[in-house]
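So you know, we letter chains A, B, ... as the sequences are listed, proteins then strands, and number each from 1. Scope of the values below: all heavy atoms of this structure, side chains included, with no hydrogens, waters or symmetry mates.
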Amino acid sequence: MPELPEVETIKSELLPHIIGRRFTGVIVYDAKPVRQPSVEEFRRKLVGQKITSLERRGKYLIFHLSSGDVLVTHLKMSGALLLNPKQTDRHARVIFHLDNGSQLVFTDRRRLGAVWLLENEQAVTGKLGPEPLTPKFTAETLAKRLQSHQAPIKAVLLDQAFLAGIGNMYADETLFAARIHPLRKANSLSPQEIRNLHKAIVDILRSAIDSKGASVDTYKRPDGQLGTAHFNFCVAHRGGKPCPVCGTAIQRLAIRNRGSCFCPNCQNP
DNA sequence: CTTGGGACCTGGCTGC
DNA sequence: TGCAGCCAGGTCCCAA
C-alpha cells in the first residue's frame with residue numbers, strides 16, 4: 001500500500017527518467033481510473049505536453065506540464081507506476097508513451113487508483129493537512145492540531161486532512177515507536193507524548209524512505225524492484241507475533257474498520 | 001466543525 | 001478439488 005514513503009520513492013526514482021520528456025501517446029485500457037476530464041479529452045490534452053517537474057503531496061503525485069496543467073495520480077491500495085516493464089500485465093490501466101521511447105505504465109490490481117488532468121491540483125489536494133517532513137511540521141504544530149480531536153489517535157493519524165501521507169502501516173509503526181496506545185483520545189496526549197509522537201512520525205517516515213518503501217503487498221518501485229522498509233516493522237502486519245522489544249504477542253483490533261496492530265505491554269492504554 | 005459507518009474494488013485466503 | 005464468502009485499506013460520501 002503506497003503511503004508517503006512509497007510515493008516519495010516512486011517520485012525520486014521516476015524523476016530523472018521523465019523530466020523534460022514529452023507525451024507522444026496515451027492509451028487508456030480502463031476508463032475507471034480517469035476521473036477528470038473525459039478519457040477523450042484526457043488523451044487529447046496530454047499528448048504533446050512536456051513534463052516540467054514532479055512533486056509529491058501526501059500520497060499524491062503531481063506531474064507539472066508545459067501547458068500549465070497538472071497530471072495528478074493516486075495509487076490507493078494496489079496502484080503502481082512502472083517504467084518500461086518487461087511485460088505489461090492484465091492490470092495495466094493507462095500507458096503513457098514518452099518521446100524517448102519509454103513507457104510509463106499505470107497498473108492497478110484493485111482498480112481503486114485514480115488519475116486527473118487539471119488546471120491545478122487544488123481541487124484534489126487542497127484539503128490535505130501539513131506535510132510531515134517539512135520544517136513547518138513541528139511538535140508545537142502537532143500539539144495545536146491534536147487539541148480539537150477526541151477521536152482515537154490512530155484514526156486521527158489516518159485522516160489526511162489532519163496530516164498528509166500517513167496510512168495504516170506507518171500509523172501503527174509510529175504509535176509503537178512513541179509507545180502510545182492506538183485508542184488513546186488524540187487530545188489526551190501529554191506534551192511529552194506529543195514530542196515523542198512527532199519524533200516518531202519524522203523518524204519512521206525518513207527511515208522508510210531510506211529503505212525505498214515497504215513491499216508488504218503489491219508495492220513496486222518504477223523499475224519493478226521491491227522496498228525493504230517492512231523488514232524493520234515492529235508491529236504493522238505482525239498481529240500475533242512477538243513484540244521485538246518485550247516479546248509480548250502483538251495484538252490486533254479494528255479501529256474505524258482498519259486493522260490496528262500494537263503491543264499491549266509497550267503501548268499502555 | 002468532528003466523528004463513524006458503509007461503499008468502492010479485486011485477489012488471496014479460509015473453511016466447508 | 002471447488003467454491004462461496006471474508007478480508008485487506010485509502011478515500012469519498014453521508015448521517016448524526
Side-chain angles (χ1 to χ4, degrees), chain A residues 1-11 29-36 56-62 72-81 89-94 106-116 118 121-129 131-132 142 144-175 182-189 205 208 213-220 227 229-230 233 235-241 250-262:
Chain A
M1 306 111 212
E3 303 180 23
L4 186 152
E6 288 73 31
V7 181
E8 180 68 22
T9 300
I10 293 168
K11 184 203 107 178
Y29 291 101
D30 181 4
K32 182 163 190 299
V34 181
R35 299 289 180 89
Q36 212 181 313
R56 180 195 55 75
R57 179 78 172 95
K59 302 172 193 171
Y60 294 87
L61 273 180
I62 302 162
V72 183
T73 66
H74 196 301
L75 303 172
K76 296 287 178 80
M77 300 297 300
S78 58
L81 284 167
D89 59 38
R90 64 198 179 94
H91 302 300
R93 309 294 172 191
V94 182
F106 177 85
T107 174
D108 184 12
R109 201 178 67 183
R110 288 185 210 175
R111 298 178 78 211
L112 292 167
V115 298
W116 299 259
L118 304 164
E121 68 271 26
Q122 279 306 307
V124 172
T125 63
K127 287 179 180 158
L128 290 178
E131 277 295 321
L142 178 61
K144 196 164 285 180
R145 295 178 73 81
L146 285 170
Q147 282 174 5
S148 59
H149 293 271
Q150 58 170 353
I153 183 64
K154 169 71 187 282
V156 173
L157 287 178
L158 291 178
D159 180 356
Q160 300 302 294
F162 178 81
L163 186 62
I166 294 185
N168 206 36
M169 26 181 218
Y170 292 110
D172 283 355
E173 284 304 301
T174 292
L175 289 171
L183 284 176
R184 285 279 303 281
K185 286 179 190 276
N187 60 5
S188 77
L189 302 188
L205 292 179
S215 290
V216 290
D217 196 6
T218 57
Y219 163 71
K220 277 183 184 167
H230 52 297
F233 282 175
V235 291
H237 293 100
R238 296 195 66 244
K241 293 182 178 142
I250 301 298
Q251 205 169 322
R252 189 171 185 285
L253 54 84
I255 301 174
R256 284 272 183 91
N257 280 329
R258 295 294 169 261
S260 295
C261 296
F262 64 99

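For DNA chain B, the stems formed by at least three consecutive Watson-Crick or G-U pairs, with both atom-pair distances below 3.5 Å, span B:2-16 with C:2-16.
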Notebook entry, point to check: In B/S/- notation, 5' to 3', how is nucleotides 9-16 of chain C contacted by protein heavy atoms closer than 4.0 Å?
Noted result: BBBS----

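Taking the side chain as every heavy atom from C-beta outward, A:M169 and A:V216 approach each other to under 4.5 Å. Proximity of A:N187 to A:S148: side-chain heavy atoms (C-beta onward) are nowhere separated by under 4.5 Å. Side-chain contact between A:L142 and A:F162 is present, with at least one heavy-atom pair separated by less than 4.5 Å.
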Notebook entry, point to check: side-chain contact (heavy atoms from CB on, under 4.5 Å) between A:I10 and A:L75: does it pass, once the steps are laid out?
Noted result: CA-CA 11 Å; A:I10 293 168; A:L75 303 172; 3.5 Å; yes

Check: Between A:Y60 and A:E121, does a side-chain contact (heavy atoms from CB on, under 4.5 Å) hold up when you go through it step by step?
Finding: CA-CA 10 Å; A:Y60 294 87; A:E121 68 271 26; over 6 Å; no

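Note: A:F233 and A:H230 have perpendicular aromatic rings, judged against thresholds of 30 and 60 degrees for the angle between ring planes.
Heavy atoms only, all atoms of each residue included: A:R93 and A:R111 are closest at NH2-CG, 3.2 Å.
A nucleotide of DNA chain B counts as in contact with chain A when one of its atoms lies under 4.0 Å from a heavy atom; the first and last such, 5' to 3', are B:dT2 to B:dG11.
Salt-bridge annotation for A:R110 and A:D217: present, with a side-chain N of the basic residue lying under 4.0 Å from a carboxylate O of the acidic one.
In terms of position along DNA chain B, the nucleotide closest to A:H149 lies nearer the 5' end than the nucleotide closest to the other residue of the pair A:R93 and A:H149.
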